[in-house]
Amino acid sequence: MTHAPGRHFLQIPGPTNTPLPVLAAIARPTIDHRGPEFGRLGRAVLEEIRPVFGTTRPVVIYPASGTGAWEAALVNTLSPGDRVLMFETGWFATLWSRLAGRLGLEAEFLKGDWRSGVDAAAIEARLREDGGHAVKAVCVVHNETSTGVTSDIAAVRRALDAAGHPALLLVDTISSLGSVEYRHDEWGVDVTVAGSQKGLMLPPGLSFNAVSDKARAAAASARLPNAYWNWEEMLAANANGYFPYTPSTNLLQGLAVALGMLRDEGLPAVFARHHRAAAATRACVAHWGFETQCRNPAEHSPALTAVRLPEGHSADALRAEILARSNMSLGNGLGPLADRVFRIGHLGDFHDLMVTGTLAGVEMGLKVRGIPHRSGGVEAAMQVLAGNAGPAALAAE
């Protein structure tokens, strides 16, 4: 294999770049997961992860990908044949609905256009029709990684309340947690699903369920089989910082460092950094003359931007050109967006120069591939990053 000189730009929407201090913590010697040192580590991370979710309630940590956390949220709270109401925001909402069906749940999937967020009014209308409360849970994706659209979870909570419906609210924050403001408690979420490989700046391998009291009460009577995913066994062991089975010890060592980095920067500063990078990226894309997949400016994701290429041009060929020339990886289009869009990740561990470097690499690729665009997009991004766009321009984003 030929060595590509220089730093690889990993600009997919996750896994994201893992900071050197986190990598160093993961590379420390493995410790006894039944010993006192691990108990201190376990208690620390289980406590310090809560503010990232915006909760004072328990957070369960699994050695698994985000798909495992999807399954855990469902099997702990529901019974065979239960109806779950889901909304089609994109590829990952679609995958979650398929998983629900495989578990023996009746997944009702409200149709979306893959360019917009969750329609809270449609959810409210459907729940008002459900006088017998057959719907046991509403499952939505906060930040749809396939489209670059962020949904208003507070509005979904208001929809449930306005309909007077007792359904649980389950939310996927896999590509938003630690990058986009999120308030599990304030927004009345019952189970929040997350993964380690995005805003938490770790490799894949840890997943999370933040759990409300209402969700734990539902779990007491839920009848879907669960063993590995069982919350109560986890929470009983977690009380002393331990786990009922072997945890990902070294990833938890990395998590402790990552949480410290988020705490030291301050979550408001973290969220502002992501918003600034997203605004700069969108300014660049608009200057090139392209559309983003997200249609509504109020729903633009701070974590990634999905860019639509003009008809007749291959997003995959562009990505391959950029990888070969600039040693940079960009996200591919998923499902019906395959070869139609490419996705720029701006989440996790990054700064302004990484944003401009990424956009410069894309612009070079556009020129080489002969894709019609207006040059100078990086300058438009720098105007935003340097604060020269002015409040009015930023407000329009």
Side-chain angles (χ1 to χ4, degrees), residues 9-23 25-26 45 48-55 59 61-62 64-70 90 92 140-151 153 171-184 187 189 192-210 248 251-252 254-281 299-306 329 331 343-352 354-355 358:
F9 270 58
L10 183 66
Q11 301 306 138
I12 61 176
T16 62
N17 298 292
T18 304
L20 290 176
V22 176
L23 286 173
I26 293 170
V45 296
E48 291 187 26
I49 191 67
R50 294 183 186 192
V52 182
F53 282 90
T55 187
V59 176
I61 304 176
Y62 298 103
S65 70
T67 303
W70 275 348
F92 291 96
V140 295
V141 175
H142 181 219
N143 190 77
E144 178 55 69
T145 323
S146 64
T147 63
V149 175
T150 301
S151 291
I153 301 304
V171 179
D172 168 346
T173 66
I174 291 171
S175 64
S176 57
L177 190 79
S179 299
V180 184
E181 185 175 26
Y182 186 77
R183 303 178 184 182
H184 174 93
W187 294 342
V189 180
T192 297
V193 171
S196 58
Q197 74 275 20
K198 310 274 188 175
L200 293 180
M201 304 177 291
L202 286 141
L206 295 178
S207 64
F208 307 85
N209 279 178
S248 296
L251 284 177
L252 291 170
L255 177 61
V257 174
L259 291 172
M261 293 173 70
L262 291 173
R263 183 184 63 246
D264 291 347
E265 185 177 358
L267 287 176
V270 171
F271 301 147
R273 175 165 54 85
H274 283 74
H275 275 288
R276 189 172 68 251
T281 301
E299 295 178 327
H300 280 308
S301 169
L304 73 135
T305 300
S329 296
R343 296 173 298 145
I344 301 171
H346 34 75
L347 69 163
D349 184 45
F350 69 88
H351 53 59
D352 289 355
M354 295 165 71
V355 175
T358 297

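For the atom pair OG (S301) and CG (L347), the distance works out to 8.0 Å, reported to the nearest 0.5 Å. In this structure, CD1 on I153 lies 8.0 Å from OG on S176, to the nearest 0.5 angstrom. Between atom CE of residue M354 and atom CD of residue Q11 there is a gap of 5.5 Å, rounded to the nearest 0.5 Å. Note: T18 OG1 to L202 CG = 6.5 Å, rounded to the nearest 0.5 Å. Interatomic distance, CD1 of I26 versus OG of S248, reported as 10.0 Å (0.5 Å rounding). Atom CD of Q197 sits about 7.0 Å away from atom CD1 of I174, to the nearest 0.5 Å.
Residues L262 and G178 share a closest heavy-atom pair of CD2-O, 4.3 Å. Residue G195 comes nearest to F208 through the heavy atom pair C-CE1, 3.8 Å, listed as atom of the first residue, atom of the second, then distance. Of all heavy-atom pairs spanning S179 and G199, the tightest one is OG-CA, 3.4 Å. Across every non-hydrogen atom of M201 and A258, the tightest pair is CE-O, 4.0 Å. Considering all non-hydrogen atoms of both residues, P302 and H346 come closest at O-ND1, 3.0 Å. Heavy atoms only, all atoms of each residue included: A25 and V257 are closest at CB-CG2, 3.5 Å.
Between D349 and T16 the shortest side-chain heavy-atom distance does not fall below 4.5 Å. Using a 4.5 Å heavy-atom cutoff, the side chains of V193 and S207 are not in contact. Counting only heavy atoms from C-beta outward, the side chains of V52 and L200 approach each other to under 4.5 Å.
The side chain to side chain contact (heavy atoms under 4.5 Å, CB included) test applied to T67 returns S65, W70, L99, not counting sequence neighbours. In this structure S146 satisfies the side-chain hydrogen bond (donor to acceptor under 3.5 Å, both in side chains) test together with E144, sequence neighbours excluded. The side-chain hydrogen bond (donor to acceptor under 3.5 Å, both in side chains) check on T55 picks up D185, with sequence neighbours excluded. Applying the side chain to side chain contact (heavy atoms under 4.5 Å, CB included) criterion to P51, with sequence neighbours excluded, gives no partner residue. The side chain to side chain contact (heavy atoms under 4.5 Å, CB included) check on E299 picks up S116, V149, C294, N296, with sequence neighbours excluded. Scored by the salt bridge (Lys or Arg N to Asp or Glu O under 4.0 Å) test, D352 finds R276 as partners (sequence neighbours excluded). For T150, the side-chain hydrogen bond (donor to acceptor under 3.5 Å, both in side chains) criterion is met by N143, not counting sequence neighbours. In this structure L10 satisfies the side chain to side chain contact (heavy atoms under 4.5 Å, CB included) test together with H8, I12, N17, S329, sequence neighbours excluded. Residues forming a ring-ring contact (aromatic ring centres under 6.0 Å, His included) with H274 (at least two apart in sequence, or on another chain): F350. Legend: residues meeting ring-ring contact (aromatic ring centres under 6.0 Å, His included) with F271, ordered by chain and number and at least two apart, are absent. Not counting sequence neighbours, the partners of R263 by the salt bridge (Lys or Arg N to Asp or Glu O under 4.0 Å) test are E48. Y182 meets the ring-ring contact (aromatic ring centres under 6.0 Å, His included) test with H142, W187; sequence neighbours excluded.
With hydrogens and angles disregarded, a donor-acceptor distance shorter than 3.5 Å links the side chain of S196 to the backbone of P203. Side-chain atoms of H184 come within 3.5 Å of backbone atoms of V189 as a donor-acceptor pair (strictly under, hydrogens ignored). Proximity of a side-chain donor or acceptor of R343 to a complementary backbone N or O of G148 within less than 3.5 Å is not detected. With hydrogens and angles disregarded, no donor-acceptor distance shorter than 3.5 Å links the side chain of K198 to the backbone of L177.
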